[in-house]
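Reading through the structure tokens given below for one structure.
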Amino acid sequence: LNMIDKKSWKVILDMAKAGDPTAMVEAGDYFADGYEDTTEGIIVKQDEKKAFKMYYNAAALMDTEGISRMALCLSEGIGCKQDIEGAIVVYKQALEMGDSIAAYNLGTIYRDQGKYKKAFKHYKVAMQLDHADYSFKVGLCYYYGIGTDVNKEKALKHFKKVAKDKNKFHTPYEIDESNLYLGFIYLEGEVAKRSLKKAKKYFERANEVNEHETAREMLLLLGELDG
């Protein structure tokens with residue numbers, strides 16, 4: 001959330017009341033978490049019901065972000081009664097409008113329902129849409145054969161993409177874990193030529209801040225750290 005004061009909050013609310021869907025979504029985000037300024041104190045009191053209403057109104061105007069946030073509220077029961085099936089319907093609407101987050105969140109719902117093939121399908125759709133990259137999740141699915149056949153060669157490609165992170169899409173956790181899996185792949189030698197040198201390199205990258213227990217253990221086994 002951007003820093004705001006009471007004056008700018010009033011502007012956002014006035015724009016939302018005037019029918020601006022972007023302002024509705026922004027107001028919903030502030031209501032969802034609340035906002036407190038160190039100088040002016042509480043500017044927005046947390047109110048999940050008001051947040052949901054803002055998202056609902058934005059969704060009614062066919063705003064993609066409003067639709068996606070409304071679906072999230074339905075799936076989690078935020079400011080409304082939890083309705084998983086309703087969330088799926090609304091997410092599908094957002095997906096038809098090209099929302100990658102909707103595709104990813106649908107995949108998460110299907111995963112939780114044990115529908116792994118559908119989950120994998122939607123992770124791939126999310127990855128293929130503009131401004132989105134879910135290569136780590138797709139790589140895990142290929143590595144373990146979740147919702148698809150095991151294909152460590154494809155997993156290797158996805159993990160390498162995450163490890164490079166040229167577009168700054170991924171979290172430090174995803175980057176570290178991708179490096180870890182790359183280390184395992186080069187250690188196993190199934191789909192890439194076995195290379196202890198490359199395995200060590202990726203384990204070292206995964207343990208760059210010396211806090212990754214699994215990577216540390218692998219480096220100990222390979223003789224790269226003092227016990």
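Computation of the quantities below employed the complete heavy-atom set of this structure, encompassing side-chain atoms and omitting hydrogens, waters and symmetry-equivalent molecules.
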Please identify each residue that fulfils ring-ring contact (aromatic ring centres under 6.0 Å, His included) with F136, with sequence neighbours left out.
none
Quick one: list whatever passes ring-ring contact (aromatic ring centres under 6.0 Å, His included) with Y35, sequence neighbours left out.
Y30
Beyond-backbone contact of [X] with [Y], side-chain heavy atoms, under 4.5 angstrom:
| X | Y | value |
| --- | --- | --- |
| R194 | L187 | yes |
| E174 | K137 | no |
| Y134 | S100 | yes |
| I185 | K160 | no |
| K92 | L106 | yes |
| Q93 | M62 | yes |
| S75 | N105 | no |
| I88 | Y91 | no |

Answer with yes or no after comparing the ring centroid distance for Y123 and Y104 against a 6.0 Å cut-off, counting only values under it.
yes
Going by side-chain heavy atoms closer than 4.5 Å, which hydrophobic residues are tied to M15, directly or by a chain of links?
V11
Should the ring pair Y144 and Y181 be called parallel, tilted or perpendicular, given that the plane angle runs from 0 to 90° and is split at 30 and 60?
perpendicular
Minimum heavy-atom distance [X]-[Y], with the two atoms named:
| X | Y | value |
| --- | --- | --- |
| Y116 | R111 | CE2-O, 3.7 Å |
| I12 | E26 | CD1-OE2, 3.6 Å |
| G28 | A51 | O-CB, 3.3 Å |
| L61 | M24 | CD1-CE, 3.7 Å |
| K200 | L219 | O-CD2, 3.9 Å |
| A32 | E48 | O-CG, 4.2 Å |

State whether a side-chain donor-acceptor pair under 3.5 Å links S8 with D5.
yes
Do Y55 and D63 have side-chain atoms, one donor and one acceptor, less than 3.5 Å apart?
no
Establish whether [X] and [Y] are linked, either directly or via other cluster members, by ILVMFWY side-chain heavy-atom contacts under 4.5 Å.
| X | Y | value |
| --- | --- | --- |
| L74 | L72 | no |
| V125 | I67 | no |
| V150 | L180 | no |
| V90 | L95 | no |
| V25 | I4 | no |

One pair to check against ring-ring contact (aromatic ring centres under 6.0 Å, His included): Y142 and F120. What are the steps and the verdict?
CA-CA 9 Å; Y142 277 128; F120 177 70; 5.1 Å; yes
Report the C-alpha distance between F203 and F184 in whole Å, list the side-chain angles of each, state the deciding distance to 0.1 Å, and finish with yes or no for ring-ring contact (aromatic ring centres under 6.0 Å, His included).
CA-CA 8 Å; F203 289 141; F184 284 137; 5.5 Å; yes
Measuring from atom [atom1] of [X] to atom [atom2] of [Y], what distance do you get when rounded to the nearest 0.5 angstrom?
| X | Y | atom1 | atom2 | result |
| --- | --- | --- | --- | --- |
| M54 | D47 | CE | CG | 10.0 Å |
| K124 | H158 | NZ | NE2 | 7.0 Å |
| K161 | S178 | NZ | OG | 11.5 Å |

Side-chain donor or acceptor of [X] paired with backbone N/O of [Y] under 3.5 Å:
| X | Y | result |
| --- | --- | --- |
| S68 | T64 | no |
| N179 | A163 | no |
| E36 | G41 | no |

Would you check, one step at a time, whether the test side-chain contact (heavy atoms from CB on, under 4.5 Å) holds for K118 with Q113?
CA-CA 10 Å; K118 280 190 173 183; Q113 292 179 336; over 6 Å; no
Could you tell me if K152 sits above the aromatic ring of Y143, with its cationic atom closer than 6.0 Å to the ring centre and no more than 45 degrees from the axis?
yes
Salt-bridge test for D37 and K6: reply yes if a basic N is under 4.0 Å from a carboxylate O, no otherwise.
no
Looking at residues at least two apart in the chain, or sitting in another chain, which of them share a side-chain contact (heavy atoms from CB on, under 4.5 Å) with Q82?
I84
Crowding at [atom1], [X] (>12 non-hydrogen neighbours, <6.0 Å):
| X | atom1 | result |
| --- | --- | --- |
| E208 | CD | no |
| F52 | CZ | yes |
| K201 | NZ | yes |

Taking side chain to side chain donor-acceptor pair (under 3.5 Å) as the definition, give me every residue that meets it alongside K50, ordered by chain and number, with sequence neighbours left out.
none
Kindly write out the residues that satisfy side chain to side chain donor-acceptor pair (under 3.5 Å) with D165, not counting sequence neighbours, or none if the list is empty.
H170
